[in-house]
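First listed ligand is number 1; within each ligand, the first listed atom is number 1. The first residue in the sequence is number 1, and the count goes up from there.
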Amino acid sequence: MARWIILMCLLISIVEARRHCSHIYNVRNYDAIANGKNDDSKAFLKAWSDACKSRVSASVVVPEGTYRLNPIVFTGPCKASITFKLKGTLIAPTNNPSTGTTWIDFRYLNHLTVTGGGKLDGQGASAWGRKNAHPVLMTMGFAFVNNSNINGIRSINSQNVHITMFMCENITLSHLTITAPGQSPNTDGIKMARSQGININNVHIATGDDCVAILTGTKNVNISNVYCGPGHGISVGSFGSNSDEFDIEDIFVKNCTFKGTSNALRIKTWASPLDHPLKASNIVYEDITIIDVEHPINIDQEYCPSANCGNKVSSGVKISNVSYRNIRGTCQGDVAVSFKCSESNPCQDISLENIVLKRSTSSRETLTNRCSHVNGAFSGEQFPPSCI
Ligand SMILES: *[C@@H]1O[C@H](CO)[C@@H](O)[C@H](O)[C@H]1NC(C)=O
Ligand SMILES: *[C@@H]1O[C@H](CO)[C@@H](O)[C@H](O)[C@H]1NC(C)=O
Ligand SMILES: *[C@@H]1O[C@H](CO)[C@@H](O)[C@H](O)[C@H]1NC(C)=O
Ligand SMILES: *[C@@H]1O[C@H](CO)[C@@H](O)[C@H](O)[C@H]1NC(C)=O
Ligand SMILES: *[C@@H]1O[C@H](CO)[C@@H](O)[C@H](O)[C@H]1NC(C)=O
């Protein structure tokens, strides 16, 4: 009898151990070299492929060490939820050998977690000064990914955008650190299009372009406790360059700090006519700290980066229902609130409540607000005086 019990226990523990161990896929067991020189992407792909076939929740584990990876696509769908646990450092190629535009690319996944405390090093310095000799890489991309969590990792010196999302639904990004020099070109922090249900919180971003960029067809985004600086702020847009785009709506930005940025809260649409109207609406900015920012509050519907969009063309985007509440701090420029709305589609229901912005230095020039084609209301404290 006792022998039977011992045998049973042994059997159960073996099954348990197998079940427990089999859901870890360590890249070192797939011959990743981790010497920072040889391309380890084959090992990563094999580990991913096995993990993705697992019928129980699986983790691809990248232990401490430095791994050079060529552009890689982690594709689903997988059989169960999957985690990419990065403890080590990944290093991007400086001469992108393929035509891919994303370095670490996750696609067609449900219930993905990316975590682990590790680092993505885009080696951007090699790309920033270069004139299109090689395609530059966005560091990490998510496309057609749902119900997922990205947390506790660092992205440094991306060649282009740090993190992108396209056609994603229900994604939380938190406890991330994103850094690149303030002068590095096109290094947006987090950029998203055609996505919804996006939560960004406790993210520290210092970069050379937008800290967060919200583009075409994005809805239901909450951004809170984000620190941005240096950078170009949190931007809705640019948007409305052509009629193939989709509306942007339900964006909440709460309890964020901007320090030394060129813009903070910006909505930017192209000065292009559209075949059908596009909307950017239901946007709330609340409890925002502004420190030494050039253009803190800014709607620019005259955006025209290329010479060929003509002069005095009015934007086809209708901006409405935008609230700014409790925005306080200091600016470097002469204009605190700048609303340059579309002449043919004036901004509607813009509300300002407790907006107190002072000059960073005690310059003699006065700080002003400027409005054109804006309808709305203000309440509470307003400094400088509201232009609505
Ligand atoms: C993600 O959700 C969208 C919308 O519900 C769905 O069409 C798509 O198939 C989902 N993708 C995956 C990989 O589950
Ligand atoms: C996203 O979350 C919402 C709310 O919880 C849910 O209704 C929706 O089905 C989710 N989307 C996907 C693609 O699972
Ligand atoms: C954002 O917050 C609002 C209210 O605070 C909530 O209704 C909405 O579901 C949240 N959206 C996401 C994507 O978390
Ligand atoms: C707001 O942000 C500050 C620092 O940026 C943080 O200390 C505080 O906990 C945040 N408040 C909430 C309610 O999250
Ligand atoms: C304006 O936006 C807020 C925040 O998204 C929303 O609660 C409210 O219903 C919107 N108002 C209108 C008239 O759509």
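Within a 4.0 Å radius of atom 11 (N) of ligand 1, the protein contributes at least one heavy atom. Within a 4.0 Å radius of atom 7 (O) of ligand 5, the protein has no heavy atom. For atom 14 (O) of ligand 5, a protein heavy-atom neighbour is found at a distance under 4.0 Å.
For ligand 1, the atoms closer than 4.0 angstrom to any heavy atom of F144 are 13 (C). Applying the 4.0 Å criterion to heavy atoms of Y108 picks out, from ligand 1, the atoms 13 (C). Numbered from 1 in the order shown, with element, the atoms of ligand 5 that lie under 4.0 Å from a heavy atom of D250 read 5 (O). For ligand 1, the atoms lying closer than 4.0 Å to a non-hydrogen atom of L109 are 13 (C).
One finds a salt bridge joining D334 and R359 here, because a Lys/Arg side-chain nitrogen approaches an Asp/Glu carboxylate oxygen to under 4.0 Å. Looking at R107 and D105, a side-chain N of the basic residue comes within less than 4.0 Å of a carboxylate O on the acidic one, giving a salt bridge. Using a 4.0 Å cut-off between a side-chain N of Lys or Arg and a carboxylate O of Asp or Glu, K254 and D287 qualify as a salt bridge.
Nearest to atom 3 (C) of ligand 1 among the protein's heavy atoms is N146 ND2, 3.6 Å. Protein heavy atom closest to atom 5 (O) of ligand 1, with residue, atom name and distance, is E169 OE1, 3.8 Å. The closest protein non-hydrogen atom to atom 4 (C) of ligand 4 is N255 ND2, 4.9 Å. The closest protein non-hydrogen atom to atom 2 (O) of ligand 5 is N321 ND2, 2.3 Å.
At least one test fails for K46 against the ring of Y30: distance under 6.0 Å to the centre or angle within 45° of the axis. In this structure, K358 satisfies the cation-pi test against F383, with its NZ or CZ atom closer than 6.0 Å to the six-membered ring centre and inside 45 degrees of the ring normal.
In this structure, F84 and W48 have tilted ring planes: the angle between them lies in the 30° to 60° band. Under the 30°/60° scheme for interplanar angles, the aromatic rings of F144 and Y108 are found to lie parallel.
Side-chain N/O atoms of T94 and S126 include no donor and acceptor closer than 3.5 Å.
Using a 4.0 Å cut-off between heavy atoms, T289 makes no contact with ligand 4 at all. With a 4.0 Å heavy-atom cut-off, ligand 5 is reached by no atom of I283. At a heavy-atom cutoff of 4.0 Å, ligand 5 is contacted by the side chain of V284 but not by its backbone.
H204 contributes atom NE2, which lies 12.0 Å from atom CG of L176 (distance to the nearest 0.5 angstrom).
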